[in-house]
Enquirer: 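I have a structure here, written as structure tokens, and I will follow up with some questions on it.
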Amino acid sequence: MLLYPSVDKLLERVDSRYSLIMLASKRAHEIESGSPLLLDNYKSRKPVGKAFEEIAAGKVELTRIEK
């Protein structure tokens, strides 16, 4: 269960739950592949938790490409 950061706080940064899950999933895969971490301290030990923390901190953002 996701307790920190709260879903409400995360949705302030991303426009939909679907976009939030896609962004966190992509970032978690990057973390697992050895991408540098963007925060100094994390509450979570798991990559997806770290991804959510980075999103809440504003270090990872969703960029939309206009067609």
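Along the sequence shown, residues carry numbers from 1.
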Enquirer: Under the 3.5 angstrom rule, does the side chain of Glu32 hit a backbone N or O of Pro47 as a donor-acceptor pair?
Expert: no
Enquirer: Would a hydrophobic clustering, with Ile, Leu, Val, Met, Phe, Trp and Tyr connected at side-chain separations under 4.5 Å, put Val7 with Val48?
Expert: yes
Enquirer: How far apart are the closest heavy atoms of Ala51 and Ile31, and which atoms are they?
Expert: N-CD1, 4.0 Å
Enquirer: Kindly compute the distance separating CD (Glu53) from OH (Tyr4), expressed to the nearest 0.5 Å.
Expert: 5.5 Å
Enquirer: As an exercise, state the distance from CZ of Arg13 to NZ of Lys59, rounded to the nearest 0.5 Å.
Expert: 10.0 Å
Enquirer: Taking distance alone, no hydrogens or angles, what donor-acceptor pairs closer than 3.5 Å link side-chain atoms of residues 33-41 to residues at least two apart or in another chain?
Expert:
{"residue": "Ser33", "atom": "OG", "partner": "His29", "partner atom": "O", "Å": "2.9"}
{"residue": "Ser35", "atom": "OG", "partner": "Arg27", "partner atom": "NH1", "Å": "3.1"}

Enquirer: Can you tell me how far OG of Ser25 sits from CD of Glu30, rounded to the nearest 0.5 angstrom?
Expert: 10.0 Å
Enquirer: Is the shortest side-chain heavy-atom distance between Leu20 and Asp15 below 4.5 Å?
Expert: no
Enquirer: Closest heavy-atom contact between Ala24 and Phe52?
Expert: CB-CE2, 3.4 Å
Enquirer: Knowing that exactly one of Val60, Ile55, Ile21 qualifies, which makes a side chain to side chain contact (heavy atoms under 4.5 Å, CB included) with Val14?
Expert: Ile55
Enquirer: Find the distance between CG (Leu23) and OH (Tyr18) and round it off to the nearest 0.5 Å.
Expert: 12.0 Å
